[in-house]
Amino acid sequence: MKYFTTWISLLLFSCFFSHAQVLDDFANERLVVRHESLAEKQLKENIYIHTDKDIYEPGENLWFKAYILNANNLKISEDTKIIFVELLKEEENEEEIIVKEMYTAKNGFASGYLFLAEILEEGNYQLIIHTKNTLENSSEEISAIKRFEVRESIIPKILIDTEFLANAYNRNDEVVLDADVFSRSRVPLKEATISADIYSTEEKLARVRIKTDSLGQARIIFTEEETAKAEFIELRVKYGKDIVYHIIDIPFKKPASIQFGMYPEGGNLIENLPNTVAFKAINHHGKPLNVKGALYEDGKKLRSFKAAHYGMGKFTFTPKPEKKYTVQLSNPALDSVFQLPLVQKKGLRLHVEKRDPAYIQFGITKTPNVTLKKVYIRAQSRGYVYWMAIASLKNDHVLFKVPLDKLPQGIVEVTLFNERYQPLTERLVYANIDKKLHVTLTEVSKSLFTQKDKVDLTFSVKDQYGKPAVGHFSLSVTDQLYAKKNNDYAMMPYYYLFSELRGHVYDASYYFDAKNKEREKHLDLVLLTQGWRNYNWTSGNLLKNLYDDVQPFNEEVTGRAFYRTKKGTLLNGGSANVQVLLPKVATVIEADKGGNFSIPLVFLEAGKGSRITLLPLIPPPPKYPDKKSTLPTEAFLEITEPFNEIFKRTINKQLMFPQNDRMIDEKKQSSYDTSFSFTDTNYLEEVELTGFKDRAKDRGDKVIFEGVVGDYICIEYGILNCQNHFAGPAPIHGKKYKLNDGTEVTYKASTEALEKENKERGFMFVKGFYPTKEFYSPLYDKEEDKLFPDNRKTLFWAPNLISDKNGKIKVSFYTSDIQSVFLGKLEGTDGNGLLGTNLFELNVK
């Protein structure tokens with residue numbers, strides 16, 4: 001069949017300004033104004049969290065910076081003045097919130113720290129941030145999350161090397177796994193107990209129990225019946241009181257099952273039109289499979305194909321009427337036959353013809369039986385419309401170009417609408433991948449650093465035009481062992497991919513590394529195969545939430561005063577006075593006629609780092625009371641914190657955090673980072689580690705000692721939570737002690753006895769904002785200062801760096817005693833929608 005091609009004259013405009021000049025009033029209202037209004041109500045703010053590390057030990061500070069950006073244009077959101085932070089422990093069947101704190105925010109940023117008490121158990125945790133705007137939206141998901149781990153020791157006491165006897169197995173083979181179990185210093189662990197469980201994707205299939213021999217070795221064997229549907233093995237190794245777990249994928253030639261999906265470009269397959277079909281293949285862990293296969297028409301091979309990038313690829317063909325199309329994979333060889341989506345007898349096909357530095361060229365192809373005379377074309381990103389056109393469909397094939405200079409960086413949805421403004425088909429494309437802040441490390445004082453050595457760094461920040469740019473940044477420099485290498489959670493992948501797409505994006509940082517020359521082509525495969533998330537910016541999804549009744553969220557702490565009469569009758573504390581005791585001042589709040597009152601945010605700021613005391617005041621009796629029995633003899637308070645309402649609003653929402661990528665070898669796998677040298681004295685057995693505890697470990701703060709388990713007074717110097725001695729008697733409430741820096745503080749305990757006593761006296765307590773403090777960064781200008789051990793894993797944390805008018809950022813700090821590779825991450829925004837990041841390494845020997 002022959003098609004005619006024509007170019008259409010495009011009507012271009014930028015969003016926010018000249019909608020009405022291009023479209024008629026009704027089209028403008030339906031396709032632009034209404035759409036943007038819905039989008040602005042849907043997800044007002046999008047928050048990214050940068051922390052200094054990914055892995056912490058109990059008793060450390062977690063340092064963070066929150067970037068609070070407008071969800072539609074990624075400009076800073078200046079509305080938020082307070083953030084609500086929750087620390088959540090991930091459990092097997094449920095999550096448990098163990099810490100709730102409030103912090104101040106200013107000009108779109110919030111930074112601070114959270115003390116991770118020694119009582120925290122090992123495991124996975126989540127730092128979750130809420131704001132008034134995120135709590136007032138109708139999204140079903142929470143994405144302002146940073147996932148991290150707490151470990152007693154970064155290097156496990158038990159290490160495991162595993163190796164399969166064969167490079168690959170068939171499904172009818174016996175699977176043999178050799179395990180070597182040893183200590184950190186490579187001493188074989190004799191008589192270690194191994195429990196080996198073999199799993200399919202969904203269930204445990206079998207278990208083998210065995211002990212290691214005198215060389216710390218054991219051979220684990222699973223029969224062919226046990227491995228028929230298997231995918232991986234989980235080892236539980238116990239030696240003494242120590243236990244370690246390790247998961248190993250079995251290198252089968254033919255997996256028991258895979259996920260293989262096919263996605264026609266534009267959404268549908270249409271008869272007698274050339275169609276492009278994208279595909280994606282992953283295993284049970286979400287790891288890409290580089291598949292090969294063939295397309296069949298009524299059982300006859302039509303064409304071959306193979307994956308081009310991370311299990312993704314595409315092929316083209318023209319479906320014929322009354323034909324059946326299937327796909328079968330040859331690598332891995334599966335018996336499964338995959339059915340293509342149903343073929344439509346008529347319709348429009350929207351496809352990308354080519355890309356150019358200045359534009360993306362699209363084509364619209366229709367079947368002759370489509371009677372549409374024209375279509376509206378809309379390009380929108382994150383809910384804002386940036387470009388529109390009207391296309392005439394007199395011919396069967398129409399070309400149009402979307403100019404890139406009209407678009408922001410990010411995912412752009414190009415949609416065709418009919419004359420009744422109904423969506424017909426859409427195509428996702430990624431625009432302006434280099435429209436960002438270009439951040440480079442231009443100067444490093446040395447190529448190799450020694451212990452307690454000075455580091456001088458200079459960064460250059462430029463905009464997309466190569467001109468110096470002013471931006472707000474955060475910088476972390478951390479021991480590589482405390483950064484998860486398979487974690488792609490970073491600013492640019494978060495805002496441009498994780499916040500927009502359905503499902504996990506494997507190795508997301510790949511697409512933002514300019515060294516990868518084919519990244520735009522490969523990113524297009526991601527968009528063809530993953531689609532939008534469920535709160536996304538299509539009008540249909542937005543319209544679902546148009547009539548949701550989201551009540552305003554009150555950020556203030558509220559309360560209610562009550563009186564009790566001599567007979568025990570409760571009365572509303574109408575117009576009661578509530579005395580407020582702040583650290584440096586006392587004041588009074590007056591309740592309304594119903595006894596209700598609220599604590600202003602300025603009081604929470606004044607009480608930062610401490611508890612605010614509230615005391616209800618009994619009004620004086622009248623001079624000539626009529627009924628003495630009804631006079632109030634006792635007053636008390638009820639307090640409601642914002643976290644109570646937060647719990648109600650978020651209990652049914654889904655927590656969204658990108659999963660970690662599994663990076664494993666097929667035949668030989670280890671439970672530890674094999675690149676790490678265990679001869680380094682900093683990481684030998686625990687008895688040697690005691691001499692290298694953090695000199696600056698944060699065990700509390702001079703204004704926040706409230707009964708943290710583990711508080712102690714060192715016997716030698718009488719210092720509270722001494723950083724050079726790690727045991728001693730418990731401190732006494734109300735007594736003064738010195739901190740490590742010489743500051744004298746009054747210890748505040750929070751025992752049950754004190755709480756009971758205060759409640760009996762009518763006192764109530766409210767926590768102020770979490771305290772602020774500076775990150776500890778020692779100076780080693782003098783040799784005598786280097787005598788103390790320094791085992792800092794985070795060398796530097798600076799949450800509020802600003803590039804100057806020349807686009808320069810200069811920082812200086814000192815290394816610690818740790819000999820390792822340190823990973824640096826500088827990331828930030830210019831506040832007007834441009835983001836930038838720089839990753840680097842420092843070697844300390």
Side-chain angles (χ1 to χ4, degrees), residues 1-6 8 258-281 291-308 311-354 361-375 377 391-400 414-418 422-429 521 524-525 527-531:
M1 185 175 293
K2 186 176 181 181
Y3 295 98
F4 296 96
T5 301
T6 185
I8 62 172
I258 69 169
Q259 295 182 41
F260 182 78
M262 291 178 285
Y263 312 90
E265 183 181 24
N268 295 305
L269 293 174
I270 303 172
E271 283 184 3
N272 297 317
L273 295 184
N275 286 257
T276 297
V277 178
F279 62 86
K280 181 178 181 179
V291 296
K292 294 181 182 179
L295 172 68
Y296 292 84
E297 182 183 77
D298 287 344
K300 181 180 179 181
K301 184 176 179 179
L302 198 61
R303 59 159 301 164
S304 299
F305 62 82
K306 64 178 181 179
M312 298 176 290
K314 60 184 179 181
F315 58 84
T316 59
F317 78 109
T318 301
K320 298 177 182 177
E322 309 302 327
K323 297 291 183 179
K324 182 180 179 181
Y325 295 92
T326 58
V327 160
Q328 192 160 4
L329 300 181
S330 56
N331 183 25
L334 298 176
D335 297 330
S336 303
V337 175
F338 299 93
Q339 187 77 41
L340 266 74
L342 291 176
V343 179
Q344 307 294 320
K345 293 187 176 297
K346 67 175 184 177
L348 292 175
R349 177 181 174 236
L350 175 64
H351 54 280
V352 173
E353 295 270 351
K354 66 177 182 178
Q361 181 176 307
F362 291 81
I364 304 173
T365 307
K366 70 180 182 71
T367 54
N369 51 4
V370 171
T371 59
L372 279 175
K373 301 300 182 183
K374 69 176 182 178
V375 291
I377 308 168
S392 171
L393 296 183
K394 292 180 180 180
N395 297 310
D396 292 336
H397 189 57
V398 176
L399 299 176
F400 67 91
V414 178
T415 310
L416 303 185
F417 297 86
N418 63 18
Q422 297 170 321
L424 302 173
T425 183
E426 68 181 26
R427 174 65 153 88
L428 304 184
V429 292
K521 182 174 71 174
D524 196 55
L525 290 174
L527 302 188
L528 283 169
T529 57
Q530 291 201 219

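Index from 1, following the sequence. These figures come from a predicted structure and were not determined experimentally.
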In short, Thr276 meets Thr316 closest at the heavy-atom pair OG1-CG2, 3.2 Å
Could you pull out the closest heavy-atom pair between Met262 and Phe338, with the gap in Å?
-> CE-CB, 3.9 Å
Is atom CD of Gln339 surrounded by more than 12 heavy atoms (other residues, nucleotides or ligands) closer than 6.0 Å?
-> yes
Minimal non-hydrogen separation, Asn275 against Asn268, with atom names | OD1-O, 3.5 Å
Backbone of Ala294 reached by a side-chain donor or acceptor of Ser304 within 3.5 Å = no
Would a distance-only check, ignoring hydrogens and angles, find a side-chain to backbone donor-acceptor pair under 3.5 Å from Asn418 to Leu424?
-> no
Looking at Val398, Val429, Leu416, which hits side-chain contact (heavy atoms from CB on, under 4.5 Å) with Phe362?
-> Val429
In terms of heavy-atom contacts, Gly347 and Ile270 come closest through C-CD1, 3.6 Å
So which heavy atom on Leu528 is nearest to which on Tyr263, and how close?
-> O-CB, 3.3 Å
State whether the side chain of Arg349 and the backbone N or O of Pro274 hold a donor-acceptor pair below 3.5 Å, judged by distance alone.
-> yes
Test: Glu271 and Lys323 ion pair at under 4.0 Å | no
Measure from the side-chain N and O atoms of Tyr325 to the backbone N and O of Lys320, and report whether any donor-acceptor pair falls under 3.5 Å.
-> yes
Step-by-step side chain to side chain contact (heavy atoms under 4.5 Å, CB included) determination, Val277 to Val327 | CA-CA 11 Å; Val277 178; Val327 160; over 6 Å; no
